[in-house]
Amino acid sequence: MSHLDTRAKLAILADAAKYDASCASSGTVKRSSAGGKGIGSTEGSGICHSYAPDGRCISLLKILLTNSCIFDCHYCINRKSSNVRRARFTVDEVVKLTLSFYKRNYIEGLFLSSGIIGTSSYTMEQLVRVAKELRTVHDFRGYIHLKTIPDADPALIEQAGLYADRLSINVELPTETGLNKLAPEKSAGRIRTAMRELKAGIDDNRDARAKYRSAPRFAPAGQSTQMIVGADAATDSDVVASAAALYGKFGLRRVYYSAFSPIPDASAVLPLVRPPLMREHRLYQADWLVRFYGFAASEVQDATDDGMLPLDIDPKTAWALKHRDDFPVDINRAPREMLLRIPGMGVRTVNSVLRARRQRRLRLDDLGRLTRSIERLRPFVVAADWRPLALAESAVIRRTLVKPERAQLELF
């Protein structure tokens, strides 16, 4: 690895980091260098917040410190037995890259992870050194997200929280059974213990800052995690239950889902083909139902067929079709909680409906001006001038809601 220049290392280690989905930069505190002090900011003029269609933030320098690893997890392309080309950054190289990219306005911050080299504590120490040097030596005020290592010394995790905006510890797979099978060197118990300790540190810091303004911030953007979907036999129902437990126990800001990608020289225990990306998308939609729409995890699970969310319709519509007795809903009288359960109505639309109906009874045309999903709404709502003639069968509604797949036309 010593003969590689920085450009070659960047090509290898940026590509190796693409499998980690948990890189959004939301939820942190505002910092700025507009007053002439420091370098960078978490947001503001000159910073482009760009997100991919699936929600991934693409405005961070997202790299691994190294893709070498002492672990041999079956699903990981950087596992010990993989024959991928290896590379490793020095702490100084990562610092210089971050500052250089930021000054060119390519990025708004740094997302740094790593394979395990030497020991977990040694690797974590290297990650912390990067964040510490950026903050203390260069007064860098941009966003920093560090991937933390469960087996590392807790004192290093504590230091990481003082310099990083967000920390994340990957649970890797939705179930302990899957982790034991595909990553036997990792422990679900140790992962959750580390997450619990990190939550305690965040809570303690929140209490300290409530009493003392001078108390240093500790991971102000909280903690997140990621789980791989489709590498083991876990169903969508298992994933939803696992995510709900993680949110409840550890106060996570986000759970990220990453569809398994087949890797070269894969183990025989892995599937030969990747799951459809639409499965990952449906899990994100289900995640939003629990976080923002008042659904319980058990209700989302109720929308599944044999444990799997349907791919042709979204989870809210799937739930509504299984609970036709709750519909149609009168948009002029229903409480907010029920309006949020109408397929096609998002949080903003519901808030607009609640404001508008204070002035007068809403008609179907009024609803059409508040949302572009009026065709999806019609079978599920009652308005001042509209009531579905009959409760159509679920199969009939489903056919009207599912859009045909697009196909490339032939030229000849």
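Just so it is clear, the structure is predicted and the values come from calculations on it, not from any experiment.
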As a quick check of understanding, evaluate side-chain contact (heavy atoms from CB on, under 4.5 Å) for Arg274 and Ser261, giving each step before the final call. CA-CA 5 Å; Arg274 67 179 303 161; Ser261 296; 3.6 Å; yes
Side-chain contact, heavy-atom cut-off 4.5 Å: [X] with [Y]?
X      : Y      : answer
Thr225 : Tyr256 : no
Val229 : Leu173 : no
Phe380 : Pro343 : yes
Phe327 : Leu321 : no
Leu340 : Met345 : no
Glu197 : Arg192 : no
Leu252 : Ser224 : no

Side-chain donor or acceptor of [X] paired with backbone N/O of [Y] under 3.5 Å:
X      : Y      : result
Thr371 : Thr349 : no
Ser113 : Leu64  : no
Thr136 : Lys132 : yes
Arg279 : Leu311 : no
Asp165 : Ile144 : yes
Asn205 : Pro216 : yes
Asp151 : Ser120 : no
Asn180 : Glu176 : yes
Gln223 : Met195 : yes
Thr148 : Leu167 : no

Rounded to the nearest 0.5 Å, what's the gap from [atom1] on [X] to [atom2] on [Y]? Could you check?
X      : Y      : atom1 : atom2 : answer
Leu10  : Leu4   : CG    : CG    : 12.0 Å
His138 : Lys96  : NE2   : NZ    : 8.5 Å
Glu125 : Thr119 : CD    : OG1   : 8.5 Å
Ile169 : Leu246 : CD1   : CG    : 11.0 Å
Leu61  : Ile107 : CG    : CD1   : 4.5 Å
Leu339 : Arg333 : CG    : CZ    : 12.5 Å

Could you check whether [X] pairs with [Y] (Lys NZ or Arg NE/NH1/NH2 to Asp/Glu carboxylate O, under 4.0 Å)?
X      : Y      : result
Asp287 : Arg291 : yes
Asp5   : Lys9   : no
Asp207 : Arg209 : no
Lys199 : Asp203 : yes
Asp314 : Arg282 : no
Asp305 : Lys322 : yes
Lys181 : Asp232 : no

Is the closest side-chain donor-acceptor distance between [X] and [Y] under 3.5 Å?
X      : Y      : value
Tyr75  : Glu172 : yes
Asn351 : Arg336 : yes
Arg348 : Ser352 : no
Thr175 : Asp238 : no
Arg376 : Thr317 : yes

Does Leu65 form a side-chain contact (heavy atoms from CB on, under 4.5 Å) with Leu13? I'd like the steps, not just the answer. CA-CA 7 Å; Leu65 186 67; Leu13 296 175; over 6 Å; no
Could you list the residues that satisfy side-chain hydrogen bond (donor to acceptor under 3.5 Å, both in side chains) with Gln159, not counting sequence neighbours?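 side-chain hydrogen bond (donor to acceptor under 3.5 Å, both in side chains) list for Gln159, sorted by chain: empty.
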Set of side-chain hydrogen bond (donor to acceptor under 3.5 Å, both in side chains) partners for Arg129, sequence neighbours left out: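 Not a single residue meets the side-chain hydrogen bond (donor to acceptor under 3.5 Å, both in side chains) criterion with Arg129.
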side-chain contact (heavy atoms from CB on, under 4.5 Å) assessment of Val382 paired with Ile331: CA-CA 6 Å; Val382 171; Ile331 62 170; over 6 Å; no
With Asn170, which of Lys147, Gln226, Lys186 fulfils side-chain hydrogen bond (donor to acceptor under 3.5 Å, both in side chains)?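 Single side-chain hydrogen bond (donor to acceptor under 3.5 Å, both in side chains) partner of Asn170 among Lys147, Gln226, Lys186: Lys147.
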Hey, which of Arg253, His145, Arg254 is the one that makes side-chain hydrogen bond (donor to acceptor under 3.5 Å, both in side chains) with Ser168?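 So, applying the side-chain hydrogen bond (donor to acceptor under 3.5 Å, both in side chains) to Ser168 and each of Arg253, His145, Arg254, only His145 qualifies.
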Between Asp139 and Arg135, is the salt bridge (charged side-chain N to carboxylate O under 4.0 Å, His left out) condition met? List the steps. CA-CA 5 Å; Asp139 199 13; Arg135 295 290 195 220; over 6 Å; no
Under the side-chain contact (heavy atoms from CB on, under 4.5 Å) criterion, do Ser242 and Met227 qualify, and how do the steps go? CA-CA 10 Å; Ser242 178; Met227 61 178 72; 3.7 Å; yes
Within 45° cone and under 6.0 Å: Arg104 NZ/CZ vs Phe101 ring: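 The answer is no; the distance or angle limit is not met.
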Can Arg166 be said to sit on top of Tyr143's aromatic six-ring, NZ or CZ under 6.0 Å from centre and within 45° of the ring axis?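 That pair does not qualify as a cation-pi contact.
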Sole candidate of Thr235, Leu289, Val255, Val300 that passes side chain to side chain contact (heavy atoms under 4.5 Å, CB included) when paired with Val240: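 Exactly one option meets the side chain to side chain contact (heavy atoms under 4.5 Å, CB included) with Val240, and it is Val300.
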Do the ring planes of His323 and Trp319 sit parallel (below 30°), tilted (30 to 60°) or perpendicular (above 60°)?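 Parallel.
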Please determine whether side chain to side chain donor-acceptor pair (under 3.5 Å) holds for the pair Ser121 and Asp153, giving the CA-CA distance in whole Å, both sets of side-chain angles, and the decisive distance to 0.1 Å. CA-CA 6 Å; Ser121 290; Asp153 188 332; 5.3 Å; no
Let's go through Thr66 and Arg86 carefully: what are the C-alpha distance in whole Å and the side-chain angles of both, what is the deciding distance for side chain to side chain donor-acceptor pair (under 3.5 Å) to 0.1 Å, and is it a yes or a no? CA-CA 7 Å; Thr66 179; Arg86 308 290 180 172; over 6 Å; no
Apply salt bridge (charged side-chain N to carboxylate O under 4.0 Å, His left out) to Glu299 and Arg341, showing your working. CA-CA 11 Å; Glu299 292 178 300; Arg341 291 172 177 255; 2.9 Å; yes
So for atom CD, which belongs to Glu158, do other residues, nucleotides or ligands contribute more than 12 heavy atoms lying within a distance under 6.0 Å?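 At most 12 heavy atoms, drawn from other residues, nucleotides or ligands, come within 6.0 Å of this atom.
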